[in-house]
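Keep in mind that this is a model prediction, so the values were computed, not measured. Order of listing sets the numbers, starting from 1, for every ligand and every atom in it.
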Amino acid sequence: MSELDARVAAVRENISRAAARAGRSPDEITMIAVTKFHPASLVAALYDAGVRDVGENRHQEAEAKAAELDALDGLTWHFVGQLQSKKAKRVARYARVVHSVDRDSVVDALAGAEHAVGCFVQVALSVDDHRGGAPLADVERLAERIVATDGLSLLGVMAVAPLGAEPREAFARLRSVSDDIRRIEPSATSISAGMSGDFEDAILEGATHLRIGTAITGKRPATP
Ligand SMILES: *Cc1c(COP(=O)(O)O)cnc(C)c1O
């Protein structure tokens, strides 16, 4: 078994264990391997290890890798980074899921893609944290805008635990935002939360989509 295979197996094992603690089935949890800064060859190796969901946070890099790996059947690209409306249309060509919808202009730019795009509204859980996301006051309106837009489907809410915050407490707040959103769109049951350092806490608070980078890929190269 390669080092990469071993890390994938270890993360899967930890996901199963946390799911069991939460009384949940691991089958309802999607592990997204965040491959930013790593070459397409690493994504191909993850594919060989059985990974079918990968995440990227920069459009140009993601677009190039998706083009290079076009032949890998059933590989889903998730866009998880901050998104400018200028680039959103192009992101929608290769990404089936966008986790970082935080502005009306991004919703509008994603509309009209050739294929359906699943959207998460990214929620800013702290006002003084600049890791992206819509202020709480805007989240319901954005959710309604996604639901009303042809070609987009609202999957749920996404957040990054604020720096310095207790992740479990932050994810509990995200869960309550998710409850509010489900009143608008009952099918929007997904919660994108949890990274290498805090995915177990996210699972305990209902996360359905984990965005895990370094725990799977190892250390990121300094530059792509
Ligand atoms: C890089 C990144 C991740 C993965 O982070 P790790 O700490 O390497 O697991 C998750 N979510 C977003 C939005 C990211 O940019």
Side-chain angles (χ1 to χ4, degrees), residues 3-4 6-15 18 29-40 42-43 45-46 49 51-63 65-66 76-84 87-88 91 94-103 106 110 117-126 129-134 139 155-168 170-171 174 177-178 190-224:
E3 235 179 86
L4 186 66
R7 280 196 299 261
V8 169
V11 170
R12 287 202 189 286
E13 176 68 34
N14 289 338
I15 291 170
I29 297 170
T30 301
M31 181 190 82
I32 300 160
V34 178
T35 49
K36 63 190 184 202
F37 293 20
H38 287 284
L42 180 107
V43 180
L46 286 168
V51 172
R52 291 294 178 271
D53 292 274
V54 293
E56 289 284 335
N57 76 335
R58 296 184 320 164
H59 163 61
Q60 268 167 325
E61 185 188 337
E63 183 178 55
K65 284 185 220 173
T76 297
W77 293 88
H78 296 251
F79 194 84
V80 304
Q82 287 188 41
L83 190 52
Q84 298 162 277
K87 293 186 179 154
V91 168
Y94 56 85
R96 287 293 183 275
V97 184
V98 175
H99 291 242
S100 44
V101 178
D102 62 358
R103 264 162 302 157
V106 169
L110 289 171
V117 179
C119 297
F120 286 91
V121 176
Q122 183 176 352
V123 182
L125 291 175
S126 139
D129 197 53
H130 301 287
R131 309 178 95 182
V139 172
L155 299 180
V157 291
M158 176 276 213
V160 178
L163 290 171
E166 187 55 56
R168 175 112 194 232
F171 296 141
L174 182 63
V177 179
S178 169
S190 296
I191 299 178
S192 169
M195 310 182 6
S196 293
D198 56 20
F199 67 84
E200 279 120 337
D201 283 324
I203 290 169
L204 293 172
E205 295 299 339
T208 59
H209 291 67
L210 314 174
R211 309 177 313 271
I212 303 180
T214 50
I216 295 174
T217 63
K219 207 164 163 281
R220 276 187 281 276
T223 51

Exercise. What about H209 and F199, are their ring centers closer than 6.0 Å?
Worked result: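 Here the rings of F199 and H209 have centres that are no less than 6.0 Å from each other.
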Problem set entry | Neighbouring residues of ligand 1, heavy-atom cut-off under 4.0 Å |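 Residue list for ligand 1: V34, K36, N57, V80, M195, S196, R211, I212, G213, T214, R220.
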Exercise. Among L155, V177, V139, which residue meets the side-chain contact (heavy atoms from CB on, under 4.5 Å) test with V121?
Worked result: V139
Exercise. Under the side chain to side chain contact (heavy atoms under 4.5 Å, CB included) test, which residues partner A10, sequence neighbours left out?
Worked result: none
For this session: Consider only side-chain N and O atoms of R211 and S192, and report whether a donor and an acceptor are under 3.5 Å apart.
Result: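 Yes.
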Exercise. Just wondering, do L4 and L46 contact through their side chains at under 4.5 Å, heavy atoms?
Worked result: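 When only atoms from C-beta onward are counted, L4 and L46 do touch, with a gap below 4.5 Å.
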Problem set entry | Close side-chain approach of K65 to E56, heavy-atom, < 4.5 Å | yes
